[in-house]
Amino acid sequence: MERPVVRVGVIGGGFVGTALVQLLLDPTRHAAIVDGATAPLELVGVAVRDTSKPHPGIEAALLTSDVDGLLSNDLDVLVEVAGGIEPVRTYLETALKLGVSVVTANKALIAESGTELAQLAHDNGADLFYEAAVGGAIPILRALRSSLAGERINRVMGIVNGTTNYILTKMTSGGSDYASALAEAQALGYAEADPSADVEGFDVAAKVQILSTLAFGTRLSGDEVAREGITGIRAVDVEYALRSGYVIKMLGVAERVGETGVSRRAHPAMVPARHPLASVNGPMNAVFVEGVKSGPLMWLGQGAGGEPTATAVLGDVLDAARNRVSGRHDVPFSGDTSLHYVPAGELSSVFYLSIDVLDRPGVLSDVAGIFGRHDVSIRSMDQSGFGDEARLSFLTHRALSSDVFATVEELKASASVESVGACIRVIDGVFE
Ligand code: NDP
Ligand code: HSE
């Protein structure tokens, strides 16, 4: 059925929602937006939690706190840029059951319920798009879904969290402490409502799961991702990395293991200073894709922030609108779901470990013995400080991760060790 306009409702009037509303209503972009959508868009309303709070940049007449009212407004496309799981999941289910296409930036929700939501969309002739959920403005999901659909991907590795990259960059080049760098990232609109999602690696883990779906055809939601955050990283680790020719980056990795396995991980890593990811700084994101025939490919761009993210949301809105006008919807992506998950412990890597010890005779041999008992060979060791301050920094040879994790547990229990600081993987080569 031909419609005169495409009716768009938005849930969320925060950093991303406000930027989206401004893009949608920008008179200088009007013709391009109509062209992209193949129809004029009508912004029906913007739902927020509390309309009495100031929402600069959104006209008061558009604001509502009645989400159900917005949903019953004969929408064509619902944009969700509110965040969290409930009540948002219920709102999206309601919309999809009504045949309304959904555009969301909510990686946490997609990683938790994406499979079911995609099925619901398909069953009801609607679209579910979530380009902004990974990499902010970077069109990486479309690239994997369309341009690389026929390519065999071996690995997707990237910096996909602006907040942690901002914090680590500030710690590396500005000498900032962790807390003030985090506060700045929050003020700039990069951080999640609960920033532990960023610094504990949940946000990266959700994005890795989504990337894994598009690269390897694994399930969109509910699959396992190994996760470590950046809260244990101290200034001394950052300095050690710099002295040794590395920078510490929070990475998301999804890669094939042999013919039948796939590994998904979110963790900090020491990246060689010459690696392309090493110079990706501040809130910038970058995604590195290694395809068999395409070779290495890399996308770089603003991974967080209201305006960059809103551009990706708008692209999805235009796709969804165009599909509505032509009476079609995209079939949900499905691929080779036979790949099995390989736990992080079964993979090997070089590791950096930092340990605080009491500087007294016998400590070094105790510590070295623990490494040896777990079959972890030491490549180099560095001691700084003395007395109560003594710190040992180790680089291992390539070792099985489970052996390194067991070494850390025994070190923690050892009377010679005061505390174990960071235990960070080291990327050895550019294409390791
Ligand atoms: P904000 O916290 O700035 O804004 C959230 C908005 O959603 C607020 O307007 C809030 O209302 C509204 N809201 C929250 N819950 C409800 C609800 N139950 N009903 C109605 N409205 C609700 O978040 P962001 O704009 O930063 O992020 C939004 C989403 O985009 C999240 O899923 C986030 O993960 C994702 N995202 C964010 C990026 C970024 O850089 N900020 C980048 C990529 C994705 P009120 O104003 O009244 O509090
Ligand atoms: N909190 C996220 C980040 C927003 O810092 O990258 C973008 O997904």
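First listed ligand is number 1; within each ligand, the first listed atom is number 1. When a residue number appears, it is its place in the shown sequence, counting from 1.
Within ligand 2, counting atoms from 1 as listed, the ones closer than 4.0 Å to a heavy atom of Tyr190 are 1 (N), 2 (C), 3 (C), 4 (C), 5 (O). Under a 4.0 Å criterion applied to the non-hydrogen atoms of Asp50, ligand 1 contributes the atoms 47 (O). Near Lys207, meaning under 4.0 Å from any of its heavy atoms, are these atoms of ligand 2: 2 (C), 6 (O), 7 (C), 8 (O). Interface of Glu192 with ligand 2, defined as ligand atoms under 4.0 Å from a residue heavy atom, comprises 1 (N), 2 (C), 4 (C). Ligand 2 places these atoms under 4.0 Å from at least one heavy atom of Gly303: 7 (C). Interface of Pro87 with ligand 1, defined as ligand atoms under 4.0 Å from a residue heavy atom, comprises 18 (N). Residue-ligand proximity, Gly162 to ligand 2, at heavy-atom distances under 4.0 Å covers atoms 3 (C), 5 (O), 6 (O). Of all the atoms in ligand 2, the ones that sit under 4.0 Å from a non-hydrogen atom of Lys107 are 4 (C), 7 (C), 8 (O). Close contacts between ligand 1 and Gly305 involve ligand atoms 39 (C), 40 (O) [criterion: under 4.0 Å to a heavy atom]. Short contacts between ligand 1 and Ala304, defined as distances under 4.0 Å to a heavy atom of the residue, involve ligand atoms 40 (O). The distance from ligand 1 to the heavy atoms of Gly83 drops below 4.0 Å at these ligand atoms: 31 (C), 32 (O).
No part of Thr51 comes within 4.0 Å of ligand 1, judged by heavy-atom distances. Only the side chain of Asp198 comes within 4.0 Å of ligand 2, counting heavy atoms alone; its backbone N, CA, C and O stay farther away. Residue Val48 touches ligand 1 through backbone and side chain together, judged by heavy-atom distances below 4.0 Å.
Where the criterion is an N or O separation shorter than 3.5 Å, residue side chain and backbone included, Phe15 meets it with respect to ligand 1. Looking at Gly13 next to ligand 1, an N or O pair under 3.5 Å apart turns up. Checked against a 3.5 angstrom limit, the closest N/O atoms of Gly14 and ligand 1 fall inside it.
Atom 7 (O) of ligand 1 lies below 4.0 Å from at least one non-hydrogen atom of the protein.
Using a 4.0 Å heavy-atom cutoff, Ala132 is listed among the residues neighbouring ligand 1. The shell of residues lying under 4.0 angstrom from ligand 1, judged by heavy atoms, excludes Glu80.
Residue pairs that meet the ring pair (Phe, Tyr, Trp, His ring centres under 6.0 Å) test with at least one member in residues 174-207, sequence neighbours left out, are Tyr166-Tyr190.
With respect to atom 43 (C) of ligand 1, the closest heavy atom belonging to the protein is Thr309 CG2, 3.4 Å. Distance from atom 41 (N) of ligand 1 to its nearest protein heavy atom, with residue and atom name: Gly189 O, 2.9 Å. The protein heavy-atom contact nearest to atom 2 (O) of ligand 1 is Ala193 CB, 4.8 Å.
Side chains of Arg264 and Asp223 form a contact here, defined as non-hydrogen atoms less than 4.5 Å apart.
A salt bridge links Arg142 and Asp316; the closest N-O separation between the charged side-chain nitrogens and carboxylate oxygens is under 4.0 Å.
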#### Entry: Trace of the salt bridge (charged side-chain N to carboxylate O under 4.0 Å, His left out) decision for Glu255 with Arg265
CA-CA 9 Å; Glu255 66 187 349; Arg265 311 187 304 277; 2.8 Å; yes
